[in-house]
Number of protein chains: 2
Amino acid sequence: MTETTDTRWLDADEQETWRAFLWTSRLLNEALDRQLQRDSGMPHAYYMILAMLSESPGRARTMTELAEIVYSSPSRLSHAVNRLEEAGWVRRTKHGADRRTTIAELTDAGYAALAEAAPGHVAEVRRHLFDPLTRDRMLEFRETLHALLAVLDPDREAPCARELG
Amino acid sequence: MTETTDTRWLDADEQETWRAFLWTSRLLNEALDRQLQRDSGMPHAYYMILAMLSESPGRARTMTELAEIVYSSPSRLSHAVNRLEEAGWVRRTKHGADRRTTIAELTDAGYAALAEAAPGHVAEVRRHLFDPLTRDRMLEFRETLHALLAVLDPDREAPCARELG
DNA sequence: CTCTTTTACTTCAGATTTCAACTATATCTG
DNA sequence: CAGATATAGTTGAAATCTGAAGTAAAAGAG
């Protein structure tokens, strides 16, 4: 509590890097949210839920798994799935063996909505994230992000855990 | 409208890069929000408003300037300043010459709150963003972010516009 | 000097997120 | 098996954010 330690402030380069990261992520997120909301009537967070479900075996996941995959709190996911269920894009089922767990399943309508939203969304991601970068820069960017993720989310199985053995 | 063009989907590397960026920015933002909310009772967005005001001449800015600096919509800023004013951290004044414009000014209490919040916040940024990166990686990361910002926010005066002349 | 347009900001309503309970089921302990 | 604890998920209220509409003042057009 009594933090007598001197703070090591950010130097100019760090300051600029930090703010660049902040603004970049905010602007990118806003651009994607606007595009998806305008063209497909859903926020980006909801698109991601549909996308992750579509890649899951049987297009279904337990709520807990799904929350982990989309980096969402259980509460936020629950609210979101409520809306997605209202839209008819996701269906909830009860797990047979463990009756605590709920399974969220992508409906055909949900898959169709995703399929229709995807091209515009991908175009937006490409335009803002990949078009401005050379391939090499993109790959080194990814390495940097993985280094950050390793600290931010240590428990996650590292996506680049090839060097482990 | 009739988008007959075939979508160029993301390849595996792009997909991984995109999601790494998404999760990194989300996790970092959540970490900072939690730390600031817990230790200083304010969300990160509000901290940023105080911080930007503190760096402004006279610790004051018009609402429009402030909104641009913190990359916020006028509406969001207005709501935020309402709360900051309730907290006694910011004061609104009317501009003399142009009676449309409102000036937001950091109060002494606001400066004090900022000063108290800063060390913990900076430590969190350092821990999550800079400790995991070498200096070179940090600098190249910054270049990449500037390349993205140039597209996301073309009207902004580029922070690295040295090459222009 | 009116009329129109722009600019600066606020407000309203609705949507989403957060955080703290809360319910229900399963598991573990003795 | 009874009781404690852990897990899975939901709910409700408060906070925040969004987008559209509204207000007021300034600037421009005729």
Side-chain angles (χ1 to χ4, degrees), chain A residues 25-27 29-50 60-87 89-105, chain B residues 25-27 29-50 60-87 89-105:
Chain A
S25 60
R26 172 170 300 184
L27 287 172
N29 265 298
E30 281 174 0
L32 295 171
D33 255 333
R34 265 197 307 276
Q35 182 275 322
L36 275 171
Q37 195 72 60
R38 170 168 48 77
D39 296 343
S40 310
M42 63 177 113
H44 181 226
Y46 291 11
Y47 175 93
M48 194 52 77
I49 292 172
L50 298 185
R61 286 279 184 188
T62 68
M63 293 297 278
T64 297
E65 286 172 345
L66 191 51
E68 280 171 7
I69 291 179
V70 302
Y71 285 86
S72 167
S73 71
S75 173
R76 175 162 67 181
L77 180 63
S78 193
H79 286 298
V81 169
N82 285 343
R83 312 296 267 90
L84 293 171
E85 214 171 11
E86 285 169 24
W89 291 340
V90 168
R91 177 173 39 236
R92 272 193 249 236
T93 322
K94 273 300 176 188
H95 191 276
D98 187 337
R99 278 178 310 179
R100 286 172 304 181
T101 93
T102 301
I103 295 170
E105 186 191 351
Chain B
S25 60
R26 172 169 303 183
L27 287 172
N29 265 297
E30 282 175 358
L32 295 172
D33 255 333
R34 264 197 307 278
Q35 184 273 323
L36 275 171
Q37 195 72 61
R38 171 169 46 80
D39 296 343
S40 311
M42 62 178 111
H44 181 227
Y46 292 11
Y47 176 93
M48 193 55 74
I49 292 172
L50 299 185
R61 287 277 185 190
T62 70
M63 293 297 276
T64 297
E65 285 172 344
L66 190 51
E68 279 170 9
I69 292 179
V70 303
Y71 284 87
S72 169
S73 70
S75 173
R76 177 162 66 183
L77 180 63
S78 193
H79 286 299
V81 170
N82 284 343
R83 312 296 267 86
L84 292 171
E85 213 171 11
E86 286 169 24
W89 291 340
V90 169
R91 177 172 37 236
R92 270 192 251 237
T93 322
K94 273 300 176 189
H95 191 275
D98 186 337
R99 277 178 309 178
R100 288 171 302 180
T101 91
T102 303
I103 294 170
E105 185 191 353

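To find a chain, count down the sequence lines: A is the first, B the second, and so on, and within it residues start at 1. Quick caveat: nothing in here was measured; it's all calculated off a predicted structure.
In this structure, NZ of K94(B) is placed 9 Å from C1' of dT10(C), rounded to the nearest angstrom. What separates CG of L77(B) from P of dC9(C) is a distance of 9 Å, to the nearest Å. Summarising the geometry, the separation between NE2 on H95(B) and P on dA26(D) is reported as 11 Å, rounded to the nearest angstrom. For E85(B) and dT10(C), the CD to C1' distance is 12 Å, given to the nearest whole Å. Protein atom CE of M63(B) is 17 Å distant from nucleotide atom P of dA25(D), rounded to whole Å. Going from atom CG of D98(A) over to atom P of dA26(C) covers 5 Å, rounded to whole Å. Note: CG (N82(B)) to P (dT16(D)) measures 11 Å, nearest angstrom.
Considering CD1 of I49(A) and CZ of R76(A), their distance stands at 8.5 Å, rounded to 0.5 Å. Annotation: the span from L66(B) atom CG to I103(B) atom CD1 amounts to 11.5 Å, rounded to 0.5 Å. Remark: E68(A) CD to M63(A) CE distance equals 12.5 Å, nearest 0.5 Å.
For R100(A), the side-chain atoms get nearest to dA6(D) when compared with the rest of dA6(D), dT6(C), dC9(C).
M42(A) is listed as a side-chain neighbour of W89(A), based on a closest heavy-atom distance under 4.5 Å. In this structure the side chain of T102(B) never reaches within 4.5 angstrom of the side chain of T93(B), judged on heavy atoms.
Here R99(A) reaches the OP1 or OP2 of dA26(C): one of its side-chain N or O atoms lies under 4.0 Å away. For R92(B), a side-chain nitrogen or oxygen approaches OP1 or OP2 of dT10(C) to under 4.0 Å.
Across all strands shown, A97(B) has heavy atoms under 4.0 Å from sugar-phosphate atoms exclusively, and none from any base. Among the atoms of the strands shown, base atoms are found under 4.0 Å from some heavy atom of S78(A).
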- Message: For a quick check, with a 4.0 angstrom heavy-atom cut-off, what is the B/S/- contact string for nucleotides 15-21 of chain C, read 5' to 3'?
- Response: SSBBB--

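Of the N and O atoms on the side chains of D33(B) and Q37(B), not one donor lies less than 3.5 Å from an acceptor on the other residue.
A salt bridge is defined here as a Lys NZ or Arg NE, NH1 or NH2 lying under 4.0 Å from an Asp or Glu carboxylate O, and R91(B) with E85(B) fails to meet this definition.
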